[in-house]
There are 2 protein chains.
Amino acid sequence: MMHTEPEVFGAISHPARRRMLDLLVDGDRPVNEIAENFEMSRPAVSQHLRVLLGAGLVTEQRHGRERRYRLVPEQLEPVRDWIAHYERFWDDNFTRLRRHLEKGDKR
Amino acid sequence: MMHTEPEVFGAISHPARRRMLDLLVDGDRPVNEIAENFEMSRPAVSQHLRVLLGAGLVTEQRHGRERRYRLVPEQLEPVRDWIAHYERFWDDNFTRLRRHLEKGDKR
DNA sequence: TTGACAGGTAAGCATCTCCTTACGCATTAT
DNA sequence: ATAATGCGTAAGGAGATGCTTACCTGTCAA
């Protein structure tokens, strides 16, 4: 299954979906247990889960009449990789200094 | 100026806006120079820049009739912080082991 | 087998997003 | 002063998003 990077960025752009992933950090959960944490209707939750599924950020396991969702954290790697490119600009003083010296004053 | 975290996630959800930030890593740039790199019309570029501005990810400097945009990488920190919460699940075997021992098998 | 429960799909609607073209307004060049 | 340049805003339209209610299917329990 191929997941394009943009799909992941889109999937995490909604606060509810980020909270869903946060919930799944503590373990797999069935839909109703996830839905308890949100004001929206259960179908709305299902739809958010489909987006996460589409981005490969979660998988589904059927257990009887339940469907448990499981986090697939590796799929966040493109986000981490992209962000990593910027981190040095705010939390690495040596790099900032080096950059300053290399490029001259940009002001 | 207050910027809500969700605004940042939304801002970076569009590939064009991520590429714009990537361009600004190498230094401040006027709009036309940014626009050269995209197929879309210049107004469309302006509108993307407004989104980035709204999220606090860039600032504007007027230089004569030009407006140079400058990256404000610290604003990406909420994204980094959120992502950091997940990194250990794919690239830190010790943490994974520790977690496993602490919490017991969740399967 | 009948009912309750888990949870997905359908349909409809409001709103947002992203793009376009047309235009306006400064600033610089002639 | 006039024209050209840089770049924003306005308006409008196509399609995506995000929500809702109504409905359907599959599983478990009585």
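A note on names: the letters A, B, ... follow the listed sequences, proteins ahead of strands, and every chain is numbered from 1.
- Residue B/His14 places its side chain closer to C/dC19 than to any other of D/dG18, C/dT21, C/dC19.
- Whole-Å rounding puts the A/Phe9 CZ to C/dT17 P distance at 18 Å.
- Counting all heavy atoms, side chain and backbone alike, A/Ser46 lies closest to A/Val31 at OG-CG1, 4.4 Å.
- For B/His48 and C/dC19, the shortest distance from a side-chain N or O to OP1 or OP2 is below 4.0 Å.
- Candidate nucleotides D/dG8, C/dC19, C/dA6 were compared by shortest atom distance to the side chain of A/Arg65, and C/dA6 ranks first.
- For A/Arg67, counting side-chain heavy atoms from C-beta on, the closest listed nucleotide (D/dC7, C/dG7, C/dC19) is C/dG7.
- Of the candidates D/dG8, D/dC7, D/dG18, D/dC7 carries the atom nearest the B/Pro30 side chain, counting heavy atoms from C-beta on.
- Summarising the geometry, the separation between CD on B/Glu7 and P on C/dT17 is reported as 10 Å, rounded to the nearest angstrom.
- Residue A/Leu53 contributes atom CG, which lies 14 Å from atom P of C/dG7 at whole-angstrom precision.
- Of the candidates B/Arg68, B/Arg62, B/His63, B/Glu66 forms a side chain to side chain donor-acceptor pair (under 3.5 Å) with just one, namely B/Arg68.
- Of the side-chain N and O atoms in A/Arg17, one or more sit less than 4.0 angstrom from OP1 or OP2 of D/dG18.
- Side chain B/Gln47 to base C/dT20: a donor-acceptor pair is found below 3.5 Å.
- Distances shown here put every side-chain N or O of B/Tyr69 at or beyond 4.0 Å from the OP1 or OP2 atom of D/dG6.
- Straight-line distance from the NE2 atom of A/His63 to the P atom of C/dG8: 14 Å, rounded to whole Å.
- Between A/Glu66 atom CD and D/dC28 atom C1' the separation is 11 Å, expressed in whole Å.
- Of all heavy-atom pairs between A/Glu7 and A/Gly54, the closest is OE2-O, 3.1 Å.
- Counting any heavy atom pair closer than 4.0 Å across all strands shown, A/Phe38 reaches no nucleic acid atom.
- Interface remark: the B/Arg42 side chain does form a donor-acceptor pair with the D/dG8 base, using a distance-only criterion of under 3.5 Å.
- Residue A/Asn32 places at least one side-chain N or O closer than 4.0 Å to OP1 or OP2 of C/dG7.
- Residue B/Arg68 contributes atom CZ, which lies 14 Å from atom P of D/dG8 at whole-angstrom precision.
- Residue B/Gly10 comes nearest to B/Arg17 through the heavy atom pair O-NH2, 3.3 Å, listed as atom of the first residue, atom of the second, then distance.
- Rounded to an integer number of Å, the gap from CZ of A/Arg62 to C1' of D/dC28 is 16 Å.
- In terms of phosphate contacts, A/Ser41 brings a side-chain nitrogen or oxygen within less than 4.0 Å of OP1 or OP2 of D/dT20.
- For the side chain to side chain contact (heavy atoms under 4.5 Å, CB included) test with A/Leu57, the passing option among A/Val72, A/Leu49, A/Ile12, A/Leu71 is A/Ile12; the others fail.
- The interatomic distance linking A/Gln61 (CD) with D/dT27 (P) rounds to 16 Å, in whole Å.
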